[in-house]
Protein chains: 2
Amino acid sequence: MFENLVRHIQKFVALNEEEQIILRSYVKFESIKKKQYLLEEGHVCHANWFIGKGCLRSYTLKENGNKQMVQFAIENWWLTDYFSFEQKKPSQLFIQAVEDCELISIDDRIQDELFIKIPQLERYFRLIVQKSYAASLMRLQYMFNLSPEERFHHFNNNFPSFIQRVPQYMLASYLGFTPEFLSKIRAKIADS
Amino acid sequence: MFENLVRHIQKFVALNEEEQIILRSYVKFESIKKKQYLLEEGHVCHANWFIGKGCLRSYTLKENGNKQMVQFAIENWWLTDYFSFEQKKPSQLFIQAVEDCELISIDDRIQDELFIKIPQLERYFRLIVQKSYAASLMRLQYMFNLSPEERFHHFNNNFPSFIQRVPQYMLASYLGFTPEFLSKIRAKIADS
DNA sequence: GATTTTTCTTAACCACGATTAAGTTTTTTT
DNA sequence: AAAAAAACTTAATCGTGGTTAAGAAAAATC
């Protein structure tokens with residue numbers, strides 16, 4: 001599991017044996033069960049989680065009580081609420097396990113110290129966040145430029161593995177429409 | 001103008017006199033006129049721009065020929081297409097001056113060298129990108145959780161300075177609706 | 001100051017996707 | 001295996017915000 005993380009980091013920056021040992025001593029390993037929460041609204045987010053195995057989601061609670069999906073994360077992805085994590089402010093988000101998960105986490109209290117010991121991690125995370133940012137802007141573009149139906153087909157074509165992994169109603173919320181409308185789309189596909 | 005940039009950097013990391021001189025020798029200064037382009041669709045984005053004075057916008061061209069606003073940027077903001085800038089791939093974006101601008105830019109070819117000479121800039125940009133990412137996720141939340149009319153009022157309340165600075169039709173596109181609908185909202189306000 | 005271009009407004013019509021509500025299927029729990 | 005909970009489907013109704021088109025107002029240019 002830790003090897004996954006090392007391999008992921010090495011895609012972006014060098015990390016020698018000694019540094020790997022330092023890193024291992026700084027991170028925490030945790031397992032959580034499906035439906036357990038890592039973070040709840042109103043709490044400060046104290047960790048950044050790397051998914052070794054499993055699937056997480058983050059969502060907000062809307063005024064009407066519905067859950068609005070914010071993000072999915074699977075193997076080799078980092079997930080946190082950067083806003084809360086960095087500024088130590090109460091989060092708007094819930095982070096919950098969609099499947100049983102094995103996680104590696106970096107605590108906010110040790111992050112700075114870790115970055116001093118292994119400076120290239122600063123670069124690693126700059127690049128990780130940059131990728132997340134680019135992905136978020138792409139998603140905004142899809143929201144603006146594609147119809148709900150087109151967004152579904154686009155997601156279907158580009159991330160087929162997700163479709164079987166997450167419940168349809170979460171996907172519908174992630175794509176910005178209702179589960180009822182997703183059923184309509186699927187009925188249309190079955191017809192043709 | 002350069003002092004603005006130094007001051008902005010010093011909000012996040014230390015930067016001594018010597019480093020300021022190094023930085024100055026690495027960046028480029030440019031002035032552009034309203035409506036001029038810094039980047040056009042299909043080209044690789046070779047710079048990251050810091051706005052000393054003025055206002056930039058980025059947009060994509062939709063299938064129907066309309067322009068979809070992606071971002072605004074004003075004084076003390078960085079703007080680039082990180083996807084194109086980092087991966088050296090053709091951009092989907094246009095970046096254009098909304099007002100006459102005075103800019104400081106970092107070229108992609110010298111960025112790595114600059115980060116080696118002033119390592120804390122790696123941290124500075126990690127934090128900058130993190131903030132942009134958080135803002136982008138907030139905007140997604142507004143798209144999901146607020147109606148077009150609510151989004152307008154929210155923007156109005158939180159960024160009143162923008163309202164006078166950018167044309168209404170750009171704002172409408174940024175908020176994800178048509179200029180006609182914005183007129184409708186404004187007429188409703190005038191009534192009451 | 002006159003002309004052109006850009007930006008904003010108004011109004012009629014209409015389509016997409018939300019809402020509501022009931023029922024079915026699948027999964028989980030006991 | 002039975003019961004309960006979670007997830008998905010179907011269909012009728014309705015409202016928001018898009019589209020179209022024409023005109024008015026404001027700003028830029030000559």
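Please read these numbers as outputs of a predicted model, since none were measured by experiment. Each chain gets a letter, A, B and so on, in the order its sequence line appears, and its residues count up from 1.
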Open item on the list: Can you tell me if B:Lys88 has over 12 outside heavy atoms packed within less than 6.0 Å of its NZ?
Closed with: yes
TODO: Say whether B:His46 and B:Asp107, considering side chains only, have a donor N or O and an acceptor N or O under 3.5 Å apart.
DONE: no
For residues 117-128 of chain B, please give each side-chain donor-acceptor pair under 3.5 Å, one per line with the distance, not counting sequence neighbours.
{"unit_1": "B:Lys117", "atom_1": "NZ", "unit_2": "B:Tyr26", "atom_2": "OH", "d": "3.3"}
{"unit_1": "B:Gln120", "atom_1": "NE2", "unit_2": "B:Ala14", "atom_2": "O", "d": "3.0"}
{"unit_1": "B:Gln120", "atom_1": "NE2", "unit_2": "B:Glu19", "atom_2": "OE1", "d": "3.1"}
{"unit_1": "B:Gln120", "atom_1": "NE2", "unit_2": "B:Glu19", "atom_2": "OE2", "d": "3.0"}
{"unit_1": "B:Glu122", "atom_1": "OE1", "unit_2": "A:Arg123", "atom_2": "NH1", "d": "3.3"}
{"unit_1": "B:Glu122", "atom_1": "OE2", "unit_2": "A:Arg126", "atom_2": "NE", "d": "2.4"}
{"unit_1": "B:Glu122", "atom_1": "OE2", "unit_2": "A:Arg126", "atom_2": "NH2", "d": "2.9"}
{"unit_1": "B:Arg123", "atom_1": "NH1", "unit_2": "A:Glu122", "atom_2": "OE1", "d": "3.3"}
{"unit_1": "B:Arg123", "atom_1": "NH2", "unit_2": "A:Asp112", "atom_2": "OD1", "d": "3.3"}
{"unit_1": "B:Tyr124", "atom_1": "OH", "unit_2": "B:His8", "atom_2": "ND1", "d": "2.6"}
{"unit_1": "B:Tyr124", "atom_1": "OH", "unit_2": "B:Trp78", "atom_2": "NE1", "d": "2.9"}
{"unit_1": "B:Arg126", "atom_1": "NE", "unit_2": "A:Glu122", "atom_2": "OE2", "d": "2.4"}
{"unit_1": "B:Arg126", "atom_1": "NH2", "unit_2": "A:Glu122", "atom_2": "OE2", "d": "2.9"}

Open item on the list: Among residues 154-171 of chain A, which ones have heavy-atom contacts with DNA chain C below 4.0 Å?
Closed with: none
- [ ] Whole angstrom is fine here: how far is it from CG in B:Leu175 over to P in D:dG17?
- [x] 12 Å
Task: Protein-to-nucleotide contact annotation, 5' to 3' order, nucleotides 18-30 of chain D [B base; S sugar-phosphate only; - none; under 4.0 Å, heavy atom] - done: BBBB------S--
- [ ] Specify the closest pair of heavy atoms between A:Val98 and A:Arg165, including all atoms of both residues, with the distance to one decimal.
- [x] CG1-O, 4.4 Å
Task: Interatomic distance where CZ belongs to A:Phe152 and P belongs to C:dG17 [whole Å] - done: 14 Å
Task: Atom CD of A:Gln68 with >12 non-hydrogen neighbours under 6.0 angstrom - done: yes
- [ ] Take the protein atom CD of B:Glu149 and the nucleotide atom C1' of D:dG15, then report the distance between them rounded to whole Å.
- [x] 13 Å
Task: For atom CG of B:Leu182 and atom C1' of D:dT16, their distance in whole Å - done: 16 Å
TODO: Kindly say if A:Arg186 contacts the phosphate of D:dC8, meaning a side-chain N or O under 4.0 Å from OP1 or OP2.
DONE: no
Task: Residue pair B:Glu102, B:Met1: steps toward the side chain to side chain contact (heavy atoms under 4.5 Å, CB included) verdict - done: CA-CA 8 Å; B:Glu102 287 170 35; B:Met1 229 250 298; 3.9 Å; yes
Under 3.5 Å, side-chain donor or acceptor atoms of residues 52-59 of chain B against the rest of the protein: list the pairs with distances, not counting sequence neighbours.
{"unit_1": "B:Arg57", "atom_1": "NE", "unit_2": "B:Gln96", "atom_2": "OE1", "d": "3.0"}
{"unit_1": "B:Arg57", "atom_1": "NH2", "unit_2": "B:Gln96", "atom_2": "OE1", "d": "2.8"}
{"unit_1": "B:Ser58", "atom_1": "OG", "unit_2": "B:Gln71", "atom_2": "N", "d": "3.3"}
{"unit_1": "B:Tyr59", "atom_1": "OH", "unit_2": "B:Tyr37", "atom_2": "OH", "d": "2.7"}

Open item on the list: Quick check on the helix from C:dG1-D:dC30 to C:dT30-D:dA1: what's the angle between its two end axes, five base pairs per end, to the nearest 10°?
Closed with: 60°
Task: Connected-component partners of A:Met138 among ILVMFWY, side-chain separation under 4.5 Å - done: A:Tyr142, A:Leu146
Task: Test log, rule side-chain hydrogen bond (donor to acceptor under 3.5 Å, both in side chains), inputs B:Glu41 and B:Ser91 - done: CA-CA 5 Å; B:Glu41 188 182 17; B:Ser91 177; over 6 Å; no
- [ ] In whole angstrom, give the distance that lies between atom CD1 of A:Ile185 and atom P of D:dC8.
- [x] 14 Å
Task: Exercise: do B:His154 and B:Asn158 side chains pair donor with acceptor under 3.5 Å - done: yes
TODO: With A:Arg186 as the cation and A:Phe152 as the aromatic partner, state whether NZ or CZ is under 6.0 Å from the six-membered ring centre and within 45° of the axis.
DONE: no
